[in-house]
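Every chain is numbered from 1, with letters handed out A, B, ... down the list of sequences.
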Amino acid sequence: MYQAPRGTIDILPEEQAYWRFVEQQAASICNLYGYERIDTPVFENTKLFARGIGDGTDIVEKEMYSFKDKGDNDITLRPEGTASVCRAYIEHGMANLPQPVKLYYLTSIFRYERPQAGRLREHHQFGYEAIGDADPVIDTEVIEMAWRFFQSLGLKKLSVLINSIGCKKCRPNYLETLRKYYQKHTADLCKDCLTRLERNTLRLLDCKQPACQQFIDSAPKSVDYLCEDCGQHFNLLQKYLDTIGLPYSVNHKLVRGLDYYTRTVFEIQPEIEGGQSTIGGGGRYDNLISELEGKPTPAVGFATGIERIILNLKREGITVPPVNKPSVFVASMGDIAREAAVKLSSDLRQAGIAVVQSTGTKSLKAQLRQANNLKVQYAVIIGDEEVASQTVVLKDMTGSGQETLPLDCLIDRLED
RNA sequence: GUGGGUGUGGCCUAGUGGUUAAGGCGUCAGGUUGUGGCCCUGAAGAUCGAGGGUUCAAAUCCCUCCACUCACCCCA
């Protein structure tokens with residue numbers, strides 16, 4: 001039997017209410033903050049991601065769905081959203097628009113990873129980017145928007161963590177200090193941390209091994225090594241977050257996995273501890289556009305995983321608006337009535353009334369049973385008698401009543 | 001990529017070496033003429049994840065693979 005490829009899922013009809021809800025709230029919050037939708041290709045030139053995300057990251061090294069197409073081009077299914085949006089910004093000369101340019105997307109993301117709770121090989125992200133502005137007001141807005149988005153979904157038990165990891169002026173000093181600090185403890189570090197020390201120093205702060213926690217707690221903090229501009233930026237961000245009353249905490253251990261982040265980084269996490277708990281994250285990436293051969297342009301963005309959101313909605317027992325279903329079932333008996341039912345169903349739909357019509361030669365009992373299972377509000381019944389008298393039986397499926405009315409009154413009656 | 005757990009009709013579950021794999025939910029049909037929901041009756045639906053092995057005999061034991069799941073790595 002064919003199965004969906006590992007790490008992919010079918011989103012079945014019974015799940016769709018969650019997806020529609022999340023997507024609608026996403027579009028609505030973007031509208032509220034002046035972000036416009038952009039859709040970029042599912043695949044891009046491999047170099048775009050390698051340059052943007054960072055050659056040394058796991059995503060680029062081992063998680064990308066990369067292949068050569070028949071024209072011998074190196075192609076990759078997008079492993080994140082930001083690089084593509086930046087490419088589009090540069091390609092379409094959006095630097096000439098009033099800045100910042102604010103864009104959002106809802107799209108599939110592909111990473112070849114081992115599937116786990118809240119982690120798939122194809123997953124879906126909602127993300128947004130404000131490109132062309134270095135003002136911490138925009139950082140504040142991006143964080144607030146994420147917060148409000150989750151609030152609008154009914155997810156209340158969340159915390160916002162923020163940190164600043166500096167810029168290309170001040171970060172090297174910090175990394176050097178951090179490295180020196182850790183080199184004194186190499187004998188006691190876990191083996192993953194030893195690799196991190198060589199390859200991704202910041203990640204040392206993110207280790208989950210109990211034995212490594214003591215080193216993290218007393219490690220030098222990035223905020224103590226910020227240059228004047230970065231320090232000022234971070235202070236203003238906190239001031240503005242205080243101004244709008246957004247609850248957050250500064251977390252010195254917060255680092256993010258992609259190389260392009262500068263200054264502000266933030267994550268939003270549910271209270272419940274667990275493996276793949278982070279529900280969304282983002283930050284500033286002031287060097288990415290120039291890295292992608294655009295002129296130097298500051299930017300800040302956020303992305304969240306829709307599967308993880310839905311996981312949280314379900315865990316919190318949050319009910320979502322149902323998707324619309326047909327409200328009328330048309331049942332008929334006999335060949336003549338059947339033809340009348342075909343015509344009637346067509347006319348009802350023409351009038352904008354959603355209809356399920358019965359098929360096959362089922363007994364009336366069976367047809368009504370089907371109507372009941374479909375949870376329609378009304379069943380319309382047509383038999384030979386009704387055809388002869390140009391009437392229909394309108395049966396209220398939510399109660400027990402029914403009435404006979406002239407055929408040409410039915411639409412008006414149903415539209416009430 | 002590393003390590004643990006799991007895999008029985010569409011869904012949930014019983015069965016842990018021995019006759020035709022049991023039940024619940026769901027689906028479909030019937031309970032007399034054209035009426036659903038409750039109830040009753042019946043039916044369909046399972047090569048017990050796949051392949052190999054041990055055995056007189058395997059859903060049950062062993063191996064391999066696949067998938068799901070949990071943790072790590074990493075990330076949304």
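The shortest distance between the side-chain N/O atoms of A:Ser363 and the OP1/OP2 oxygens of B:G34 is not below 4.0 Å. Phosphate proximity of B:C73 to A:Arg119: absent, as no side-chain N or O sits under 4.0 Å from OP1 or OP2. Distances shorter than 4.0 Å separate some side-chain N or O of A:Gln116 from OP1 or OP2 on B:A71.
Remark: P of B:G34 and CZ of A:Phe329 are 17 Å apart, rounded to the nearest angstrom. The separation between A:Asp192 atom CG and B:A71 atom P is 17 Å, rounded to whole Å. Rounded to whole Å, atom P of B:C66 lies 12 Å from atom CD of A:Gln3. Distance A:Glu113 CD to B:C70 P: 14 Å, rounded to the nearest Å. When the P atom of B:C74 is taken as reference, atom NZ of A:Lys208 falls 7 Å away, rounded to whole Å. Computed from coordinates, the A:Leu258 CG to B:A76 P distance equals 6 Å when rounded to whole Å. Rounded to an integer number of Å, the gap from CZ of A:Phe110 to P of B:A76 is 16 Å. Regarding A:Phe49, its CZ atom lies at a distance of 18 Å from the C1' atom of B:C74, rounded to whole Å.
Cation-pi geometry between A:Arg121 and A:Phe110 is not satisfied (NZ or CZ under 6.0 Å from the ring centre, within 45° of the ring normal).
If you check distances only, the side chain of A:Arg308 does reach the base of B:C75 with a donor-acceptor pair under 3.5 Å. Counting distance only, with no hydrogens placed and no angle test, the side-chain atoms of A:Arg111 and the base atoms of B:A76 include a donor-acceptor pair under 3.5 Å. You won't find any donor-acceptor pair under 3.5 Å spanning the side chain of A:Arg114 and the base of B:C72, going by distance alone. Counting atom types as modelled, A:Glu267 pairs no side-chain N or O with a base atom of B:A76 as donor and acceptor under 3.5 Å.
A donor-acceptor contact closer than 3.5 angstrom links the side chains of A:Thr278 and A:Glu267. Under the 3.5 Å distance criterion, with hydrogens and angles disregarded, a donor-acceptor pair is assigned to the side chains of A:Asn312 and A:Arg315.
Among the heavy atoms of the strands lying under 4.0 Å from A:Arg196 are primed sugar atoms or P, OP1, OP2 only; no base atom is included. Contacts of A:Gly399 with the nucleic acid, taken as non-hydrogen atoms under 4.0 Å apart, include base atoms.
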Side chain to side chain contact (heavy atoms under 4.5 Å, CB included) assessment of A:His233 paired with A:Asp139:
CA-CA 10 Å; A:His233 186 96; A:Asp139 302 53; 3.1 Å; yes
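Tested against A:Tyr104, the residues A:Tyr128, A:Phe302, A:Tyr33 include a single side-chain contact (heavy atoms from CB on, under 4.5 Å) partner, A:Tyr128.
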Throw together a table of side-chain donor-acceptor distances under 3.5 angstrom for residues 386-393 of chain A, partners on residues two or more places apart or in other chains.
unit_1, atom_1, unit_2, atom_2, d
A:Glu386, OE1, A:Gly383, N, 2.8
A:Ser389, OG, A:Glu385, O, 2.9
A:Ser389, OG, A:Thr391, OG1, 2.9
A:Gln390, NE2, A:Val387, O, 3.3

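For the C1' atom pair drawn from B:A43 and B:U6, the interatomic distance equals 33 Å after rounding to whole Å. Rounded to a whole angstrom, the distance from the P atom of B:G51 to that of B:A46 is 16 Å. Here, B:G45 and B:A22 have their C1' atoms 15 Å apart, quoted to the whole Å.
A heavy-atom distance below 4.0 Å to RNA chain B is reached by these residues of residues 365-395 of chain A, ordered by number: A:Lys365, A:Ala366, A:Leu368, A:Arg369, A:Asn372, A:Asn373, A:Ile381, A:Glu385, A:Glu386, A:Val393, A:Lys395.
Taking the side chain of A:Asp58 as heavy atoms from C-beta on, and the options B:A76, B:G34, B:C74, the nearest nucleotide is B:C74. Nearest to the side chain of A:Arg6, among B:A71, B:A76, B:U69, sits B:U69. Of the candidates B:A71, B:C74, B:C72, B:A71 carries the atom nearest the A:Ala117 side chain, counting heavy atoms from C-beta on.
Pairing each heavy atom of A:Ser66 with each of A:Thr76, the nearest pair is OG-OG1, 2.8 Å.
Partners of A:Glu176 under the side-chain contact (heavy atoms from CB on, under 4.5 Å) rule, at least two apart in sequence or in another chain, are A:Arg179, A:Lys180. Applying the side-chain contact (heavy atoms from CB on, under 4.5 Å) test to A:Asn73 and every residue at least two apart in sequence or in another chain returns A:Asp69, A:Ile75. Listed by chain and number, the residues in a side-chain contact (heavy atoms from CB on, under 4.5 Å) with A:Asp74 are A:Thr46, A:Lys68 (sequence neighbours excluded).
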Produce the list of close N/O pairs, under 3.5 Å, pairing protein atoms with atoms of nucleotides 45-51 of chain B; give distances to one decimal.
none

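For A:Glu339, the CD atom is loosely surrounded, since the number of other residues' heavy atoms within 6.0 Å does not exceed 12.
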